[in-house]
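All remarks here apply to the structure that follows.
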Number of protein chains: 4
Amino acid sequence: MRVKDFSKIDLVFKSTLKLIKSQGIAGITMSKIAKESSLATGTLYIYFKNKEELINALYHKIEKDASARFVSGFNPELPFKQCLKTVWVNYLKHRINFHEESIFMEQYYYSSYITLAQKQLAEEMKKPVYDIINRGKEEGFITKKIESEMLFSAMIGFIRELADEHTENRYMMINNRIDQAFELSWKMITN
Amino acid sequence: MRVKDFSKIDLVFKSTLKLIKSQGIAGITMSKIAKESSLATGTLYIYFKNKEELINALYHKIEKDASARFVSGFNPELPFKQCLKTVWVNYLKHRINFHEESIFMEQYYYSSYITLAQKQLAEEMKKPVYDIINRGKEEGFITKKIESEMLFSAMIGFIRELADEHTENRYMMINNRIDQAFELSWKMITN
Amino acid sequence: MRVKDFSKIDLVFKSTLKLIKSQGIAGITMSKIAKESSLATGTLYIYFKNKEELINALYHKIEKDASARFVSGFNPELPFKQCLKTVWVNYLKHRINFHEESIFMEQYYYSSYITLAQKQLAEEMKKPVYDIINRGKEEGFITKKIESEMLFSAMIGFIRELADEHTENRYMMINNRIDQAFELSWKMITN
Amino acid sequence: MRVKDFSKIDLVFKSTLKLIKSQGIAGITMSKIAKESSLATGTLYIYFKNKEELINALYHKIEKDASARFVSGFNPELPFKQCLKTVWVNYLKHRINFHEESIFMEQYYYSSYITLAQKQLAEEMKKPVYDIINRGKEEGFITKKIESEMLFSAMIGFIRELADEHTENRYMMINNRIDQAFELSWKMITN
DNA sequence: CATGAATGAGCATTCATTCAT
DNA sequence: CATGAATGAATGCTCATTCAT
């Protein structure tokens with residue numbers, strides 16, 4: 001018997017993401033996904049119950065991968081500022097290098113596919129950043145007078161905007177701009 | 001001869017936005033828009049050449065309205081900080097009060113509806129903010145060492161994130177938080 | 001505005017019946033019905049919510065028409081035997097002349113389309129025959145010792161079998177055979 | 001080499017019949033049959049060339065079994081009335097106890113599966129009853145003035161109707177009703 | 001202008017059948 | 001033989017668009 005080939009799942013994810021990039025989440029159809037993956041439409045239904053589950057599975061996979069990237073190269077032994085910069089830069093680079101995925105996630109977030117449970121899960125992705133902010137407060141780098149949510153928003157919003165400008169080729173994130181941007185963030189959140 | 005009833009256009013826009021809010025841009029159909037507007041589908045085609053043009057027209061209308069809101073209450077005679085705060089708060093409030101519109105605009109931006117010309121037009125919406133930043137540089141409030149794009153991203157990204165958190169009921173933008181957030185932005189961009 | 005053309009419903013019924021005759025209830029598809037009716041598939045969905053409702057509506061229509069035919073030419077003023085013969089012959093002729101319909105109704109009865117309510121409705125079609133049997137009992141023609149259900153089964157089963165034999169060209173229901181068959185039924189149910 | 005496991009064929013027949021009972025002949029699919037039989041779909045194609053042949057084989061098997069049941073307990077040495085009653089009751093009980101099979105056979109008869117040859121074969125099943133009728137005519141019990149087809153229809157139709165009423169729980173075939181019904185048949189066909 | 005019936009291409013999904021293991 | 005993954009034509013149904021009224 002031919003055995004289930006789970007590598008097909010990754011292939012389908014890749015094709016779907018490519019299609020979403022070029023035509024938006026509204027533009028994808030099962031037959032386009034099948035064709036882009038060089039599979040028969042029926043085959044998609046062996047690996048995914050239906051279109052909705054395919055989209056959901058893609059969302060979960062991307063979320064999982066993204067979480068892993070945020071903490072890559074992170075070493076809590078290092079001094080606080082270095083730790084923060086690692087996560088800060090990881091987040092910026094993730095959003096630049098995986099822009100398709102980021103766009104998909106945002107479209108998904110405001111689509112009828114998402115469920116409440118999934119929204120809550122998405123919240124958990126923020127935890128590493130909050131952890132850093134709290135460490136900064138404990139170590140006295142960050143003022144305790146400002147709520148973490150606000151500091152979080154200031155950093156994350158900045159990063160997101162920079163990444164989008166970069167991706168749209170309006171303002172490229174070359175290395176010294178990255179450093180400068182981080183210092184700006186640092187200046188804002190520190191005493 | 002009856003004349004084209006332009007109030008219908010607003011009605012259609014309102015219905016479409018309502019539908020996009022609840023079902024995402026992928027979920028809208030011409031017949032849903034017609035029903036929500038209490039019109040016949042054929043009538044939609046009197047006012048809009050096709051679905052794409054309807055969506056595009058909606059985008060333009062929203063963009064125009066938004067631009068107007070950004071400068072509401074703006075008086076260049078006032079001192080710089082007050083001017084900046086007016087625009088800053090306008091932008092935040094716009095994004096909170098017209099969240100549906102903001103979501104639509106972002107979904108639209110990454111859909112196959114948008115054209116290059118429209119992307120360029122969207123850029124022009126940023127002009128009032130850039131104008132303020134430049135005035136700040138001239139008046140010596142804002143350091144000239146940092147590029148305006150970066151300062152822009154820091155402010156706009158922060159505002160966007162705050163507004164989204166508010167809309168998702170995670171971190172509400174009560175008045176003193178607005179003031180605090182603005183001061184944070186001010187601290188970052190000023191010398 | 002083009003106005004809903006309810007004659008299309010009869011056209012669809014006719015086409016569907018024709019298809020069921022040649023391919024069985026299992027063989028019908030919406031696109032076959034559309035093609036046979038010279039309509040677009042979408043048009044079918046203007047008049048019927050879905051395939052199931054189309055089939056159900058056809059069943060109801062046939063049932064209604066059949067009921068009308070059973071009592072055609074029936075005059076309760078006439079002597080009992082003549083009354084019985086009218087209904088008896090009506091039933092036989094109905095089953096011969098509307099054999100397609102009869103076959104459809106039986107296939108429908110044992111399909112997953114039918115509901116309990118519809119089964120009960122089908123029972124009511126038997127009422128005219130039971131009424132006659134009861135009159136026969138009251139007027140002393142039919143023995144009261146035998147339950148009406150049994151007398152009903154004897155007559156109806158006989159008729160059904162004769163009609164089927166006729167339709168399959170195995171034993172044709174020419175006039176004197178009809179008379180003879182009725183006399184056989186009469187002999188059985190009378191004292 | 002493993003050898004074709006013919007017990008699987010019976011298993012498949014049983015499963016198919018069960019499915020047809022609950023969902024009608026239109027509702028069966030190869031994968032449902034496979035699942036109900038705890039087999040792989042591919043395995044079905046080892047035993048049956050395709051779906052049509054599976055259905056046809058089932059028809060033949062049922063027909064064969066039915067024929068055997070009709071003459072069970074039949075002893076031509078016994079007096080005519082007893083012989084007739086044996087066959088008559090066998091037929092009734094068959095139709096009650098194997099109602100699923102009977103329903104299948106009728107749906108099959110008016111489906112696109114059946115061929116002319118099979119229709120002719122089905123005719124042969126009637127032979128035992130015709131044989132009895134002819135013996136009755138020779139022995140003087142049954143009038144020769146009435147064609148055997150008509151007598152056959154009268155008996156078979158009656159039986160079929162009684163069995164259906166029983167199966168639908170409308171008129172149960174308890175023993176004294178069976179006797180009474182046979183006597184009614186007997187009265188009709190005898191002089 | 002306004003209507004909504006009519007159209008048919010296109011969609012998500014199913015299913016008989018094949019085939020690699 | 002047995003399996004069930006793979007196929008792709010076919011199905012029920014939707015939807016943007018047209019058109020007769």
Side-chain angles (χ1 to χ4, degrees), chain A residues 1-6 8 27-35 37-55, chain B residues 1-5 8 27-35 37-55, chain C residues 1-6 8 27-35 37-55, chain D residues 1-6 8 26-35 37-55:
Chain A
M1 185 195 75
R2 224 175 303 185
V3 93
K4 226 172 185 169
D5 174 7
F6 289 100
K8 284 207 176 74
I28 44 163
T29 68
M30 292 302 266
S31 81
K32 280 182 194 165
I33 294 172
K35 191 166 284 174
S37 309
S38 300
L39 294 173
T41 53
T43 309
L44 294 180
Y45 289 85
I46 294 170
Y47 294 92
F48 305 96
K49 215 181 95 196
N50 53 38
K51 187 182 176 183
E52 188 175 354
E53 298 232 331
L54 191 160
I55 300 290
Chain B
M1 186 195 77
R2 251 174 299 175
V3 111
K4 261 193 192 179
D5 175 1
K8 281 211 179 71
I28 45 164
T29 68
M30 291 302 266
S31 79
K32 278 182 194 164
I33 295 173
K35 188 167 285 174
S37 311
S38 301
L39 295 173
T41 54
T43 310
L44 295 180
Y45 287 85
I46 294 168
Y47 293 93
F48 306 95
K49 212 181 97 199
N50 53 35
K51 189 182 176 183
E52 189 175 353
E53 299 232 330
L54 190 161
I55 300 289
Chain C
M1 187 194 71
R2 222 174 305 183
V3 94
K4 226 172 185 170
D5 174 7
F6 288 99
K8 284 206 176 71
I28 44 164
T29 68
M30 292 302 267
S31 80
K32 279 182 195 166
I33 294 172
K35 191 166 285 174
S37 310
S38 301
L39 294 173
T41 53
T43 309
L44 295 179
Y45 290 86
I46 294 171
Y47 294 92
F48 305 96
K49 213 181 95 198
N50 52 37
K51 187 182 175 184
E52 188 175 355
E53 297 231 332
L54 191 161
I55 300 289
Chain D
M1 187 194 77
R2 252 176 300 177
V3 111
K4 260 193 191 178
D5 175 1
F6 287 99
K8 281 212 179 70
I28 45 163
T29 68
M30 291 303 265
S31 79
K32 279 183 194 164
I33 294 172
K35 187 167 284 177
S37 310
S38 302
L39 294 172
T41 53
T43 310
L44 295 179
Y45 287 84
I46 295 168
Y47 294 94
F48 306 96
K49 211 181 97 197
N50 53 36
K51 188 181 177 184
E52 189 175 356
E53 298 231 330
L54 190 160
I55 299 290

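Chain letters run A, B, ... following the sequence lines, proteins first and then strands; every chain starts at 1.
Side-chain atoms of D:M30 and D:L54, non-hydrogen and from C-beta on, do get closer than 4.5 Å to each other.
At a threshold of 4.0 angstrom between heavy atoms, the contacts of A:Y47 are confined to the sugar-phosphate backbone, with no base atom among them.
Rounded to an integer number of Å, the gap from NZ of C:K35 to P of E:dT7 is 14 Å. For the pair D:I55 CD1 and E:dT17 P, the computed distance is 11 Å after rounding to whole Å. When rounded to the nearest whole Å, the span between CD1 of B:I33 and P of E:dG4 equals 17 Å. Atom CD of C:E52 is separated from atom C1' of F:dC13 by 14 Å (rounded to the nearest Å).
Contact record, D:K51 with D:T29: NZ-CA, 4.5 Å, taken as the closest heavy-atom pair.
Between the CG atom of A:D5 and the CD1 atom of A:I46 there is a distance of 11.0 Å, given to the nearest 0.5 Å. If you take CG on C:L44 and CD on C:E53, they are separated by 13.5 Å, rounding to the nearest 0.5 Å. To the nearest 0.5 angstrom, B:L39 atom CG is 8.0 Å from B:Y47 atom OH.
For the pair A:K32 (side chain) and A:G27 (backbone), a donor-acceptor distance under 3.5 Å is present.
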Original post:
How does each nucleotide of nucleotides 7-12 of chain F score, in 5' to 3' order, for protein heavy atoms under 4.0 Å: base (B), sugar-phosphate only (S), or none (-)?
Top reply: BBB-SS

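In DNA chain E, runs of at least 3 stacked Watson-Crick or G-U pairs (N1-N3 plus N6-O4 or O6-N4, or N1-O2 plus O6-N3, all under 3.5 Å) give these stems: E:2-21 with F:2-21.
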